[in-house]
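In each ligand, atom 1 is the first atom listed, and ligand 1 is the first ligand listed.
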Amino acid sequence: MSNTAGQVIRCKAAVAWEAGKPLSIEEVEVAPPQAHEVRLKILFTSLCHTDVYFWEAKGQTPLFPRIFGHEAGGIVESVGPGVTDFQPGDQVLPVFTGECGDCSHCKSEESNMCDLLRINTDRGVMLTDGKSRFSIKGKPVYHFVGTSTFSEYTVCHVGSVAKINPAAPLDKVCILSCGVSTGLGAALNVAKPKKGHSVAVFGLGAVGLAAAEGARLSGASRIIGVDLNPSRFNEAKRFGVTEFVNPKDHKKPVQEVIAEMTGGGVDRSIECTGNVQAMIQAFECVHDGWGVAVLVGVPNKDDVFKTHPMNLLNERTLKGTFFGNYKPRTDLPGVVEKYMNKELEVEKFITHSVPFTEINKAFDYMLRGEGLRCIIRMGD
Ligand code: NAD
Ligand code: ZN
């Protein structure tokens, strides 16, 4: 037992007080975990675009003050009453979408949309008692997607935490807790390209490039990367992307450009931008008769996906996925093993690293479209 078990921990957290304003490092109180909860010491976290959308709150519900962060790795500091499947010291990855293990989704082989713990971006409190475990001078600070990893300590529901190989380097595998697994799974588990297929990937950030990596592992022969930011194309060559399309370079809609390049459309497409127009393009650029499009990007609250129904009648399939259809507790340890067995490279997604006190730099990099993932080192 750690000597902090059962006590309030005071530690540093990066608090978002207002939409779009730099985070400020504050001393917060972190209450002990309740039933079905664990308290984690976060060692490394990184920034995913989903954090940025909810921090900007331009097209999303604002909820402040809030502690963001959901791509991270840490160790269990203490466990709540009755928790038997975790012990202090276990090495874990928290995940933004959980797995209760008991609901019809958790029991289905096809779904990871747990009834109890599926992603909920608007809830800022714990499920157990509807309260926050974070406070500043007694005033509550909201959680984000059940993880809130921009804090030295955080409290999560046990269903939102995956126990992983204790030998895995957390400064690398932390990015498997969201972006890389999401993109990889969107390709391997959802789009499922066949050997020799053509695959279009919209958005060449970490999520899109992980999707490209999944397409390459599946044996796709052409991987067409689509992005508005030309600086992405050089980076993408290291991820098996074979051709590039910048919609800004063409007068025609990008779906037509891709149809011309591929004799009628790609076999599979995976959208990783969060832009609703790109989602529509990604769907409309798949081949009729067999094409499958997978949406991964998180849309704005009021977005509407509009396409002519004939595009579906012509035997195209539209799918969507959270976390690449991986069940976080059941499947994520295996994704970590893929890295440990050198079947999956993670290092190439990590382009920056900053100490916790400089967390706002990670936001600047992402807003400028510079690099892929920035590791935030909690210990420094
Ligand atoms: P990122 O910002 O690193 O990458 C997004 C890329 O998309 C950028 O290179 C940008 O230039 C490009 N882009 C934006 N609009 C475009 C458009 N209209 N056409 C072509 N390219 C465009 O972001 P990321 O962290 O890789 O995340 C990608 C998306 O995936 C985000 O929407 C994020 O919220 C979402 N996401 C979803 C899940 C899930 O489980 N479904 C998990 C993680 C992230
Ligand atoms: Zn994410």
Side-chain angles (χ1 to χ4, degrees), residues 45-56 59-60 68-72 93-97 112-113 118-119 121 144-147 149 174-186 189-190 200-213 224-236 239 241 244-250 253-255 257-258 269-282 285 294-300 303 319-326 328 332 349-352 362-374:
T45 184
S46 47
L47 182 63
C48 164
H49 214 127
T50 312
D51 296 304
V52 176
Y53 296 144
F54 285 83
W55 164 75
E56 287 181 313
Q60 307 294 353
F68 287 104
H70 64 279
E71 204 175 84
L93 303 181
V95 183
F96 66 86
T97 193
N112 68 346
M113 295 301 297
R118 70 170 62 175
I119 181 171
T121 50
F144 180 62
V145 293
T147 52
T149 59
C174 63
I175 64 169
L176 295 175
S177 89
C178 179
V180 172
S181 300
T182 294
L184 188 74
N189 304 333
V190 191
V201 176
F202 284 69
L204 303 175
V207 177
L209 291 176
E213 197 74 346
I224 303 171
V226 183
D227 206 299
L228 300 170
N229 175 357
S231 74
R232 289 294 193 208
F233 298 149
N234 247 342
E235 229 151 27
F239 294 82
V241 180
F244 298 96
V245 177
N246 188 336
K248 286 187 190 159
D249 295 343
H250 299 272
V254 68
Q255 29 305 42
V257 174
I258 292 176
S269 82
I270 307 172
E271 176 281 326
C272 308
T273 70
N275 176 285
V276 71
Q277 293 313 319
M279 296 182 192
I280 295 166
Q281 292 160 356
C285 79
V294 177
L295 307 187
V296 177
V298 172
N300 283 348
D303 279 341
K319 296 183 174 190
T321 176
F322 277 112
F323 201 50
N325 268 41
Y326 286 119
L332 185 52
F349 291 94
I350 300 171
T351 51
H352 296 84
F363 282 71
D364 295 341
Y365 296 137
M366 183 152 275
L367 290 170
R368 290 203 298 260
E370 219 178 289
L372 298 171
R373 282 301 192 250
C374 177

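Residues satisfying the side-chain contact (heavy atoms from CB on, under 4.5 Å) test with F244, not counting sequence neighbours, are L204, F233, A236, K237, V241.
Between F68 and F54, the distance separating the two ring centers is not shorter than 6.0 angstrom.
Evaluation of the side chain to side chain donor-acceptor pair (under 3.5 Å) test over residues 362-374, restricted to residues two or more places apart or in two chains, returns E71-R373, R368-E370.
The main-chain N or O of A278 is found under 3.5 Å from a side-chain atom of N275 such that the two form a donor-acceptor pair. Using modelled atom types, one side-chain atom of S177 and one backbone atom of A72 make a donor-acceptor pair closer than 3.5 Å.
Around the Zn ion (ligand 2), the protein N, O or S atoms found under 2.8 Å comprise C48 SG, H70 NE2, C178 SG.
Counting heavy atoms from C-beta on, the side chains of V226 and I258 come closer than 4.5 Å.
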Worksheet item: Between F96 and C178, is a side-chain contact (heavy atoms from CB on, under 4.5 Å) present by the stated rule, with each step listed?
Response: CA-CA 8 Å; F96 66 86; C178 179; 3.6 Å; yes
Worksheet item: How far apart are the C-alpha atoms of L184 and Y326, what are their side-chain angles, what is the distance that settles it, and do they pass the side-chain contact (heavy atoms from CB on, under 4.5 Å) test?
Response: CA-CA 10 Å; L184 188 74; Y326 286 119; 3.8 Å; yes
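Under 4.0 Å from any atom of ligand 1, one finds heavy atoms of residues C48, H49, T50, Y53, F96, C178, T182, G203, L204, G205, A206, V207, V226, D227, L228, N229, R232, C272, T273, G274, N275, A278, V296, G297, V298, T321, F322, F323, M366, R373.
Residue R118 holds its CZ atom at 9.5 Å from CG of N112, rounded to the nearest 0.5 Å.
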